[in-house]
Amino acid sequence: FEENDLTNTMWTAHTGTAGTVVTDQAHSGTYAYQPPTGDASNLLRRDLSASITTGDTWFRWYFRTSTGWTTNVPMFQVLDNSGVPIIAQVWRLSTEKLRVKNVGTAATADTTTVLSLDTWYRIEVRIRVHATAGQVELRLFLADSTTALETIQTADGALNGFARLLFGKSSGDAGNWSG
């Protein structure tokens, strides 16, 4: 979000109330993204210039929350090559933990680490596109640490190619978080 812009740089579009680019909560640099508190379906969308059809792709972002979460809500979603069905997700759980999900196989894995309030975490997600050994992996780090607090991954299964990413809140939640 260092571009200080939600749709004229790397983000293709947004749904719902766009949220805000803020300067008072950035992990590093100047800016961070803060979805609006309590609103439903506040998603930033990135359409890739080419579909990812095989292999591993990594995504990374920093995350913090100042209030607990009231519901289980996806925060990051990967959509297939047609841009419609969701194939993989990272969820924020009401237990203040995280979950990864291969949507096609319904395979999930949850962290055991309970996230602390007002603490920066780094989330690294690997999406492995493969006909039978597809996988979603999440590595959770405390801020800039080089050692993961934990690594979780879904069981192997089919995971199709993708071309669209969604980041934000896909349904209402009273939690207040920045990324």
Side-chain angles (χ1 to χ4, degrees), residues 1-2 19-29 31-44 46 55-79 86-130 133-157 159 162 165-179:
F1 302 98
E2 277 302 306
T20 309
V21 174
V22 296
T23 59
D24 63 335
Q25 299 179 38
H27 169 265
S28 60
Y31 305 106
Y33 171 67
Q34 184 175 34
T37 301
D39 278 346
S41 195
N42 308 106
L43 296 167
L44 295 177
R46 169 72 175 174
D56 290 344
T57 304
W58 286 91
F59 302 96
R60 175 182 61 202
W61 67 91
Y62 289 85
F63 168 84
R64 71 178 282 280
T65 184
S66 60
T67 60
W69 308 318
T70 58
T71 58
N72 298 341
V73 178
M75 70 178 334
F76 178 72
Q77 301 181 78
V78 180
L79 285 71
I86 298 168
I87 65 165
Q89 297 174 311
V90 174
W91 288 68
R92 303 177 357 241
L93 303 179
S94 62
T95 57
E96 313 231 349
K97 298 177 183 180
L98 300 173
R99 169 178 291 157
V100 292
K101 182 175 185 178
N102 177 339
V103 176
T105 65
T108 64
D110 294 356
T111 61
T112 58
T113 301
V114 175
L115 301 181
S116 299
L117 299 179
D118 297 315
T119 303
W120 281 104
Y121 293 94
R122 185 173 77 246
I123 298 171
E124 296 181 357
V125 175
R126 175 180 53 86
I127 306 296
R128 174 170 289 156
V129 175
H130 192 276
Q135 197 176 70
V136 184
E137 176 183 293
L138 180 141
R139 295 180 185 177
L140 179 64
F141 296 84
L142 184 59
D144 292 320
S145 174
T146 57
T147 304
L149 295 170
E150 66 181 296
T151 299
I152 59 172
Q153 60 194 30
T154 60
D156 288 355
L159 197 87
F162 62 93
L165 310 169
L166 300 175
F167 183 80
K169 298 188 311 184
S170 62
S171 61
D173 187 334
N176 182 13
W177 62 275
S178 296

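Residues: numbered from 1 along the sequence shown.
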Exercise. What residues, two or more places apart in sequence or in another chain, satisfy salt bridge (Lys or Arg N to Asp or Glu O under 4.0 Å) together with Asp156?
Worked result: none
Seminar exercise, completed: The reported gap from CE in Met75 to CH2 in Trp91 (rounded to nearest 0.5 angstrom) is 12.5 Å
Problem set entry | Spatial distance of atom CZ (Arg64) from atom CG (Leu117) [nearest 0.5 Å] | 9.0 Å
For this session: List the atom of Ala107, the atom of Ala155, and the distance in Å for their closest heavy-atom pair.
Result: CB-N, 4.2 Å
Problem set entry | Arg92 side chain reached by Leu115 side chain, heavy atoms, under 4.5 Å | no
Problem set entry | Of all pairs that satisfy salt bridge (Lys or Arg N to Asp or Glu O under 4.0 Å), the ones with a partner from residues 105-116, not counting sequence neighbours | Arg99-Asp110
Seminar exercise, completed: Sorted by chain and number, sequence neighbours left out, side chain to side chain contact (heavy atoms under 4.5 Å, CB included) with Val103 holds for Ile86, Gln89, Lys101
Exercise. Should the ring pair Trp61 and Phe76 be called parallel, tilted or perpendicular, given that the plane angle runs from 0 to 90° and is split at 30 and 60?
Worked result: tilted
Problem set entry | Residues which pass side chain to side chain contact (heavy atoms under 4.5 Å, CB included) with Ser94, listed by chain and number, not counting sequence neighbours | Asn72
For this session: Please name all residues satisfying salt bridge (Lys or Arg N to Asp or Glu O under 4.0 Å) with Arg126, sequence neighbours left out, ordered by chain then number.
Result: Asp56, Glu137
Problem set entry | Atom pair CD/CG of Gln153 and Asn102 - distance to nearest 0.5 Å | 12.0 Å
Problem set entry | Gap separating the CZ atom of Phe162 from the CD1 atom of Ile127, nearest 0.5 angstrom | 6.5 Å
Exercise. How long is the span from the CG atom in Leu165 to the CZ atom in Arg46, to the nearest 0.5 Å?
Worked result: 8.0 Å
Exercise. With a 4.5 Å heavy-atom cut-off, do Leu79 and Leu166 have their side chains touching?
Worked result: yes
Exercise. Does Thr111 reach the main-chain N or O of Leu98 with its side chain, forming a donor-acceptor pair under 3.5 Å?
Worked result: yes
Exercise. Would you say the side chain of Leu138 lies within less than 4.5 Å of the side chain of Ile123, judging by non-hydrogen atoms?
Worked result: yes
Just list the side-chain donor-acceptor pairs under 3.5 Å for residues 140-152, sequence neighbours left out, or say none.
from: Asp144; atom 1: OD1; to: Tyr62; atom 2: OH; distance (Å): 2.7
from: Ser145; atom 1: OG; to: Thr147; atom 2: N; distance (Å): 3.1
from: Ser145; atom 1: OG; to: Thr147; atom 2: O; distance (Å): 3.1
from: Glu150; atom 1: OE1; to: Thr112; atom 2: N; distance (Å): 3.0
from: Glu150; atom 1: OE1; to: Thr112; atom 2: OG1; distance (Å): 3.4
from: Glu150; atom 1: OE2; to: Thr112; atom 2: N; distance (Å): 2.9
from: Glu150; atom 1: OE2; to: Thr112; atom 2: OG1; distance (Å): 3.4
from: Glu150; atom 1: OE2; to: Thr113; atom 2: N; distance (Å): 2.6
from: Glu150; atom 1: OE2; to: Thr113; atom 2: OG1; distance (Å): 2.5

Exercise. Where do Val114 and Thr95 land on the side chain to side chain contact (heavy atoms under 4.5 Å, CB included) test, with the steps shown first?
Worked result: CA-CA 7 Å; Val114 175; Thr95 57; over 6 Å; no
